[in-house]
Each structure stands twice: as structure tokens, then as C-alpha cells.
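Shown next, in C-alpha cells, is the structure this report addresses.
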Amino acid sequence: MSAPCEPRATAPASAPPPPVPPVPPVPPVATASAPAARRPALDWRIRFAGLSLIWGFSFLLIKVGTEGYAPFQVTFGRLLAGTAVLVAAMVMRRERLPRSARTWGHLTVAALLLNALPFSLFSYAELTIPSTLAGICNATSPLWGMVLSVVALSEDRPTRRRVAGLGVGFLGVLTVLGAWQGFSGLDLPGTGMALLASFCYPVGWIYVRRTLAGTGSSTLALTGSQLCLATAQLAVVTPLFTSAPTSFPVLPTLSVLALGALGTGLAVLLQYGLVQEVGPTTAQMVTYFIPVIATAAGVALLGEQLSWNTPVGALVVLVGAALTQSRPRRSAAATQAPPPAPGSPSIEPAGRDPRLPQP
């Protein structure tokens, strides 16, 4: 819910779901004058498990947050807390903000597509649908990316396996929704908003890959700037559609703060480090744990009902998503090809992106 290692000048990471941030620059090889970088204190497997849990529980936190606050307020709170974490990290690492007005303009669009809009849609969706269903909808992002690559992006020629994965994935979606029952008992507006939220991610990935490659800024700087802009967007929208809260219930407030500080802030830093250490292929496997954890959390902690078609359909969705992400084996010549020059755009196919959607 594999990409070649890209240089420092890449597009920012978003947020979920749903896919890993652009690959940060490869650390320099240790020499006599340049000591090797310190290894992280925690093994990557522990951080991988932590990232899976954080994003898997995000849907539960959204559900609890909407019990005390309006959906736009939940989104604004999570963005504010997440931005604070990334800004602190940028200050500690002495990262510089982008200077180009053009870059800020593209980041504004990216903030809408990858943060403000999908986060708000998930919050509104969970007013009427279970957090388990929202988590499964988030796992459809690779399927939507495949649709875009087939329909609108002719330069990306999908293989038969990836097309088959698209069909399998949407068969899983129909299974989750109980299509043979005429979608009986399903809240269609809420489910539609959750699916639309997952659709926003591949649209945003395509946009940032085509507009923000070669900016000269680090991934962390671009990501932090993007979240700042998304927070500003919600700061404008929220007062127009909601009134100021008259109380601050403890559990929803803590949920919103945890959703932002952990799911939107710390998770991005964990993901950034995982891609740097083990590569995007391994790091993006977290996608397949998110709906499983979201389902378990919703059933165990929120008492949400689970019929047989939900886990079965979710498994089919994940199989389809995995097939759409499969890549043909590289030839020996391609394997020995030199890496792209610094500042060059990603050579990843237009329907894919190495990042995961933030739920």
C-alpha cells in the first residue's frame, strides 16, 4: 500500500495508505577524510515493524478523532502536528527550504493532491464507514496507478502480469464491497470518498515526478515544505466549514496528535531512513501490512463487525496490488547501466512511484 535509487533532487514524500519516499542520496563511501555514516541504533526490521504499526493504526486514530472533532479539524490537527515534527528534523539537519517560486507553486499542488485532499476525504469517509474498510480502500492506490498508466500514460507499457493484477485487484474490491448482494448495507458516499482518497495518491505521484525532479532540494526539505503548505491550506478551509470547538475531549485530541506526530511526521522519517538503508523494494513492502493491521485494530479495539468477504476481498486486493507492482527482469546490459545523472528525472514508469501513500 522497485524503483531505481534516485539522486537527492527528487519529489517529496506524501502520507497511508498508501507508496516510500523518493530515494535519498546514497551516502558517500568512507575514506580517510570522510568517516562512514553511523548505523541507526535500531535494526531496520524493528523500524519496519514500527512503521507498519503506525500506519496500520492511523485509520483507527482517524475514527476516534472524528468522534470529537469535525473531519477538517482532524485533518488540520494531524497536518499541524506532523509538520512540527518534520520542521524540527529540518532544523536539526540544517536543511534549506526551496528558493524557487516555481518549486513552491508545484509543491502547493502536491500538498493538495497528496495531503490536504486525501486526508480530508478519509476523515469524512470514516464518519459513516468502519476504519477496517477505510484501510482496505487505502490499499487500492497501486490499482488506481495502474489504471492511469493504462488509460492516460501511453509511454508506460504495462506487462500482461500487471494488467492481470489490475483485474484481480478490482475483483477483490468488489468482494470487499459485497457486489453480489447489490452492495446491501454499504454506505456508498463514504466508501466512494475513501476510494477517491486512494486515487489522489497516484495522481499526486505522477504530478510530482513530472514537475519536481531536479529542484536541487533534499527529499526532507521538499517533504517538510509540502506539509507546511498543506497545513496552510487546511488553516484557510477549516474555519469556512466548521466552527471552533467548544471542548477538547481527551481521547480524540490525543488521537489527532498521535495521528499527526506519528503517522504524518515520525513515519515519514522512518520511511526515509528505511529507503536509504534497505532500498525502496524492501521498504515498500510495508504497504501489504497496513490493511491487515488496520482490520485487526478496528475489530479488536473498536468492536467493528467483520464478515467473511472483507478479509477475503482484502487478500485478493493485496495480491492484485502486488502483481501491478511487479517488474520484468532486467537484462544484463540494463543491470550494468550507469545510474542517472544528478538532477535527472526518475525513470520509473508513469503509473508507479516508489513512495507509499500515507493513510
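Using cut-offs of 30° and 60° on the angle between ring planes, the pair Trp205 and Tyr201 is parallel.
A donor-acceptor pair is defined here as one N or O able to donate and one able to accept, closer than 3.5 Å; such a pair exists between the side chain of Thr66 and the backbone of Lys63. Proximity of a side-chain donor or acceptor of Glu126 to a complementary backbone N or O of Ser123 within less than 3.5 Å is not detected. At distances below 3.5 Å, not a single donor-acceptor pair connects side-chain atoms of Glu95 with backbone N or O atoms of Ala89. Side-chain N or O atoms of Asn115 include none that pairs as donor or acceptor with a backbone N or O of Leu227 at under 3.5 Å. Side chain of Arg47 to backbone of Leu42: a donor-acceptor contact under 3.5 angstrom is found. Checked by atom type and distance alone, the side chain of Trp44 never pairs as donor or acceptor with a backbone atom of Val278 at under 3.5 Å.
For Phe199, the ring-ring contact (aromatic ring centres under 6.0 Å, His included) test picks out Trp144, with sequence neighbours left out. In this structure, Tyr124 has no side chain to side chain donor-acceptor pair (under 3.5 Å) partners at least two apart in sequence or on a different chain. Annotation: side chain to side chain donor-acceptor pair (under 3.5 Å) contacts of Ser100 (sequence neighbours excluded): none. Scanning for salt bridge (Lys or Arg N to Asp or Glu O under 4.0 Å) contacts around Arg102 gives an empty result, with sequence neighbours left out.
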side-chain contact (heavy atoms from CB on, under 4.5 Å) between Thr75 and Thr238: does it pass, once the steps are laid out?
CA-CA 9 Å; Thr75 304; Thr238 301; over 6 Å; no

Begin with the C-alpha distance, continue with both residues' side-chain angles, and end with the deciding distance and a verdict on side-chain hydrogen bond (donor to acceptor under 3.5 Å, both in side chains) for Arg78 and Thr264.
CA-CA 7 Å; Arg78 74 176 291 186; Thr264 307; 3.2 Å; yes

Run the numbers on Ile54 and Leu270 for side-chain contact (heavy atoms from CB on, under 4.5 Å), then give the verdict.
CA-CA 10 Å; Ile54 289 172; Leu270 287 174; 4.0 Å; yes

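For the pair His106 and Val208, the minimum side-chain heavy-atom distance is 4.5 Å or more. Two residues are said to be in side-chain contact when any heavy atoms from C-beta on lie closer than 4.5 Å; Leu112 and Thr108 fail this criterion. Contact check for Pro189 versus Thr128: no side-chain heavy atoms found under the 4.5 Å cut-off. Taking 4.5 Å as the limit, every side-chain heavy atom of Gln305 sits out of range of all side-chain heavy atoms of Val299. Leu174 has its side chain out of reach of Phe170: every pair of non-hydrogen atoms, C-beta onward, lies at least 4.5 Å apart. Using a 4.5 Å heavy-atom threshold, the side chains of Leu188 and Leu186 count as touching. For the pair Gln271 and Trp55, the minimum side-chain heavy-atom distance is below 4.5 Å. Counting heavy atoms from C-beta on, the side chains of Leu306 and Pro311 come closer than 4.5 Å.
Atom CG of residue Leu323 and atom CZ of residue Arg162 lie 11.0 Å apart, to the nearest 0.5 angstrom. Rounded to the nearest 0.5 angstrom, Leu107 CG and Leu97 CG are separated by 10.0 Å. Taking CZ of Phe48 as the start and CE of Met285 as the end, the distance is 6.5 Å to the nearest 0.5 Å. Here the OG1-CH2 distance, from Thr215 to Trp104, works out to 11.5 Å after rounding to the nearest 0.5 Å. For the atom pair Thr295 OG1 and Ile290 CD1, the distance stands at 11.5 Å (nearest 0.5 Å). Taking CG from Leu60 and CD1 from Ile293, the interatomic distance works out to 12.0 Å, rounded to the nearest 0.5 Å.
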Give every donor-acceptor pair under 3.5 Å between a side-chain atom in residues 244-254 and any protein atom, sequence neighbours left out.
from	atom 1	to	atom 2	distance (Å)
Thr253	OG1	Tyr69	OH	2.4
Thr253	OG1	Pro249	O	2.6

Show every donor-acceptor pair shorter than 3.5 Å between a side-chain atom in residues 129-137 and any protein atom, with sequence neighbours excluded, or say none if there are none.
from	atom 1	to	atom 2	distance (Å)
Ser131	OG	Glu304	OE1	3.1
Ser131	OG	Glu304	OE2	3.1
Thr132	OG1	Glu304	OE1	3.4

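Across all their heavy atoms, Asn309 and Val176 have their closest contact at ND2-O, 3.0 Å. For Val317 against Val173, the heavy-atom pair with the smallest separation is CG2-N, 3.5 Å. Closest of all the heavy-atom pairs between Ala111 and Ala230 is CB-N, 3.6 Å. Heavy atoms only, all atoms of each residue included: Ala110 and Tyr207 are closest at N-CE2, 4.3 Å. Scanning all heavy atoms of the two residues, the minimum distance from Ser120 to Leu234 falls at OG-CD1, 4.0 Å. Of all heavy-atom pairs spanning Gln233 and Ala116, the tightest one is OE1-CB, 3.4 Å.
Note on Leu117 and Leu240: same hydrophobic cluster, where clusters join Ile, Leu, Val, Met, Phe, Trp and Tyr whose side-chain heavy atoms are under 4.5 Å apart, directly or indirectly. Hydrophobic clustering keeps Leu171 apart from Val312 (ILVMFWY residues linked when any side-chain heavy atoms are closer than 4.5 Å, directly or through intermediates). Both Phe59 and Phe289 sit in one connected hydrophobic cluster of ILVMFWY residues. Membership requires side-chain heavy atoms under 4.5 Å apart, directly or through other members. There is no path of hydrophobic side-chain contacts, each under 4.5 Å, that joins Leu229 to Val87.
In summary, the side chains of Ser198 and Thr140 do present a donor paired with an acceptor at a separation below 3.5 Å, with no hydrogens or angles considered.
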